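Predicted, not measured: the structure shown is a model, and the values here were computed from it.
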Amino acid sequence: MTNIDDAPSVDELSATWSDIQEDDNAYRDDSYDREVRDCATRLAADPGAATAYVWTLGLTLMAPYAAWLPGEGVADAAREALRATDHALRDRPCDHATHPYRTHDAEEDDWRLPELLRLLADETAETAETAETSDWDEDRPRDEWLCPRNVAGYARIALDILDPGSVPDVPPRLPAEIRGDIESLSATLNLYPNGDPDDDLASQAWNLSLAADADRPGRLLVARAISWHVVSGMVRRKSVLDDLIEAVETTLPHYADATCAHERHPELEDSGPEAAETGLRLSSPAGREIYERDREDWGHPPLDELLCPAHLAEIARETLTTVREGRDKLFGDRPTGHLDAEYLRADGRLDIEKIVDRLDHKHWNEKHADDLGLWAARRYEGADARERVVLFITVHQTMKISYPGPPYAVTRGVLDMMRPLAAAPRPADCAHPDDHPATRYVDFRHGLPQVYAPDDFPATEHSRSLESWTCPRFTAILAQGCVSGLERLDETEGEGG
């Protein structure tokens with residue numbers, strides 16, 4: 001089995017191995033296990049053969065699968081073959097000053113290996129008469145790639161994928177779990193989550209709590225990066241905020257008394273996904289090595305400045321302030337008394353035109369919706385009939401405008417008001433002769449001011465009688481719709497609090 005002639009063509013092998021490389025979710029796949037075993041068996045039979053590069057690069061391509069959850073004995077077979085290859089080839093004599101494996105960048109170069117393998121097997125790829133007719137576009141010549149010492153280097157790269165940090169003299173590589181976290185957290189923070197976004201965020205708090213000393217600074221940067229998202233209203237579980245606060249509180253004492261001689265500290269990224277990726281990269285030894293290797297090219301500050309303990313203390317305190325204040329606003333007792341000055345006139349009556357303007361379902365009214373709705377709900381019980389009409393419609397409409405959705409601190413106050421109205425008896429026949437008010441903004445815009453202050457606002461085609469606006473059937477139908485929507489949110493909101 002040492003001869004490549006009894007195997008599929010290199011083109012076929014390359015395509016098969018590339019499919020395995022690209023399948024991030026595969027585990028205990030019988031067909032994949034067979035491919036890894038066959039490749040390892042062929043390599044182990046003669047690890048010093050001229051064709052060793054084929055099987056070595058094949059195992060490099062399939063190593064991520066073998067490192068995850070392969071069948072029993074699959075990873076061990078790959079390790080044995082790769083170690084034998086490294087032992088057989090690493091000290092072979094050569095005249096090369098360096099080799100391609102030394103500059104292999106996992107994030108930039110892994111995906112190119114299948115095509116490179118095909119070209120290495122094609123002895124004519126580098127011998128075309130002109131660059132225009134040559135398929136070889138590598139910076140390094142083919143003989144360096146085929147050099148036994150380079151093949152040994154790729155054997156060690158594959159071993160490093162199987163067991164991160166287990167071999168020397170290979171370029172740093174982000175661990176698979178870090179790469180997975182970068183992908184999933186980026187998706188969550190960009191609002192297209194791959195799974196449960198709250199679980200994804202909660203795991204970052206746990207990772208900070210459990211981080212080793214060297215990894216803790218990176219994990220703290222991740223906590224800072226997700227803090228803006230968890231207080232945005234997108235997170236429905238209070239326990240996510242509680243866990244993040246606890247994790248940062250546990251972290252702060254490690255840096256609280258730190259001092260430094262730096263005149264200033266580097267400015268941090270203000271994009272959540274980018275800041276989270278930086279933190280995740282810095283939470284592993286390989287990630288920190290990659291950062292230092294590339295930072296000058298990217299214009300990044302030195303790690304001793306970025307991760308200065310005094311700087312980390314500032315970050316921890318700012319993150320705690322952000323999340324504590326956000327938790328109080330989202331889940332605490334939200335004050336609304338100050339809004340009297342905004343929504344009441346000097347004589348104590350509603351500023352009906354301002355209120356109605358803010359019931360228009362436009363993005364610029366989103367920032368007012370939660371507080372205005374809760375203020376109206378709290379005022380409803382003590383209001384007269386005409387004011388109740390305005391307050392009821394205000395609550396109903398603001399819960400629709402709220403984005404990303406009313407937080408727990410708002411929904412519980414609104415539900416206290418709406419549930420009795422939704423449960424009230426509904427007469428079989430309405431007592432008013434005119435139709436119920438339409439629930440379009442154009443009708444609110446003209447109808448609410450007229451029913452609230454008929455002496456100040458003349459009747460229009462949108463006007464309805466007070467009896468129509470206060471009809472128990474009309475009120476119960478709208479209230480039930482509001483309650484149903486809020487209760488769906490309330491199924492998880494406040495959990496853990």
Side-chain angles (χ1 to χ4, degrees), residues 14 17-26 32 36 39 53-70 75 78-79 82-83 85-86 90 98-120 137-140 144-145 147 149-187 214-215 218 222 273-274 276-298 300 303:
S14 176
W17 296 337
S18 178
D19 289 342
I20 297 174
Q21 177 195 38
E22 293 173 1
D23 192 348
D24 295 332
N25 300 313
Y32 291 1
V36 177
C39 189
Y53 76 92
V54 175
W55 315 116
T56 299
L57 290 180
L59 290 179
T60 303
L61 288 167
M62 295 185 286
Y65 166 74
W68 177 227
L69 286 174
R79 288 188 189 94
L82 291 165
R83 287 169 182 156
T85 301
D86 181 35
R90 70 180 303 161
T98 187
H99 296 94
Y101 84 88
R102 290 186 176 276
T103 57
H104 183 88
D105 185 328
E107 295 173 73
E108 297 291 334
D109 299 329
D110 277 4
W111 67 273
R112 299 171 56 246
L113 288 180
E115 175 63 12
L116 177 66
L117 178 56
R118 184 186 70 79
L119 293 174
L120 288 173
D137 60 357
E138 296 298 317
D139 293 337
R140 313 296 285 275
E144 285 189 12
W145 279 96
C147 176
R149 290 194 177 193
N150 189 59
V151 177
Y154 272 93
R156 292 195 296 279
I157 286 176
L159 286 168
D160 189 55
I161 298 172
L162 291 169
D163 300 298
S166 63
V167 294
D169 188 35
V170 292
R173 170 183 291 265
L174 279 180
E177 61 270 22
I178 295 295
R179 297 198 306 273
D181 277 356
I182 289 172
E183 181 179 349
S184 62
L185 198 52
S186 175
D215 299 340
V222 177
E274 293 178 6
E277 179 174 347
T278 296
L280 287 168
R281 287 177 174 277
L282 296 180
S283 62
S284 74
R288 292 189 289 275
E289 189 176 346
I290 292 170
Y291 180 95
E292 283 288 15
R293 181 193 70 192
D294 299 339
R295 70 172 184 81
E296 290 186 0
D297 293 339
W298 291 97
H300 294 327
L303 276 182

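Heavy-atom contacts from other residues, nucleotides or ligands closer than 6.0 Å to CD of E183 number 12 or fewer. The environment of CG in D139 is sparse: at most 12 heavy-atom neighbours from other residues, nucleotides or ligands sit within 6.0 Å.
Here the OG1 atom belonging to T278 is positioned 7.5 Å from the OH atom belonging to Y291, to the nearest 0.5 angstrom. We find the CG-CG distance between L82 and D160 to be 11.5 Å, quoted to the nearest 0.5 Å. One finds the OG1 atom of T60 at 9.0 Å from the CG atom of L162 (value rounded to the nearest 0.5 Å). Separation of atoms CG (N25) and CG (L69) is listed at 11.5 Å; rounding is to 0.5 Å. Here the OG atom belonging to S284 is positioned 7.0 Å from the CD1 atom belonging to I290, to the nearest 0.5 angstrom. Of the inter-residue distances, the one linking W17 atom CH2 with I20 atom CD1 reads 9.0 Å to the nearest 0.5 angstrom.
Taking the side chain as every heavy atom from C-beta outward, D181 and V222 never approach each other to under 4.5 Å. In this structure, Y32 and P70 have side chains that are not in contact, with every pair of non-hydrogen atoms separated by 4.5 Å or more. Side-chain contact between W55 and T85: absent, with no pair of heavy atoms (C-beta onward) separated by less than 4.5 Å. At least one side-chain heavy atom of D105 sits less than 4.5 Å from a side-chain heavy atom of R293. In this structure the side chain of L119 never reaches within 4.5 angstrom of the side chain of W145, judged on heavy atoms.
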Point to revise | Criterion side-chain contact (heavy atoms from CB on, under 4.5 Å) on R288 and D215, from CA distance to verdict | key: CA-CA 9 Å; R288 292 189 289 275; D215 299 340; 3.0 Å; yes
**Study point:** L282 vs L303, side-chain contact (heavy atoms from CB on, under 4.5 Å): CA-CA, chis, key distance, verdict
**Key:** CA-CA 9 Å; L282 296 180; L303 276 182; 3.7 Å; yes
**Study point:** Steps toward side-chain contact (heavy atoms from CB on, under 4.5 Å) verdict (L120, L57)
**Key:** CA-CA 11 Å; L120 288 173; L57 290 180; 3.9 Å; yes
Exercise for review: Please step through side-chain contact (heavy atoms from CB on, under 4.5 Å) for the pair R140 and N150, ending with a clear verdict.
Suggested key: CA-CA 12 Å; R140 313 296 285 275; N150 189 59; over 6 Å; no
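Look at R173 and D110 and you find a salt bridge, because one of the NZ, NE, NH1 or NH2 atoms lies within 4.0 Å of a carboxylate O, short of that distance. Electrostatic pairing of R281 and D294 does not count as a salt bridge here, judged by no charged N lying under 4.0 Å from a carboxylate O. At a threshold of 4.0 Å, the pair E115-R112 does not count as salt-bridged, since none of the basic side-chain nitrogens sits closer than that to a carboxylate oxygen.
For P171 against H104, the heavy-atom pair with the smallest separation is CB-O, 3.3 Å. Closest heavy-atom contact between D109 and T103: OD2-O, 3.8 Å. Looking at every heavy atom in both residues, A276 comes nearest to L185 through CB-CD2, 3.8 Å. G287 approaches L174 most closely through the heavy-atom pair CA-CD2, 3.6 Å. Here the shortest heavy-atom pairing between L159 and S166 reads O-OG, 3.6 Å. Of all the heavy atoms in A158 and A63, the pair that sits closest is O-CB, 4.0 Å.
With hydrogens and angles ignored, the 3.5 Å screen pairs no side-chain donor or acceptor of R156 with any backbone N or O of D86. Of the possible donor and acceptor atoms, none in the side chain of S18 sits under 3.5 Å from a partner among the backbone N and O of S14. No donor-acceptor distance shorter than 3.5 angstrom exists from the side chain of T56 to the backbone of Y53, with no hydrogens or angles considered.
Counting only N and O atoms by type, the side chains of D169 and Y101 include a donor and acceptor under 3.5 Å apart.
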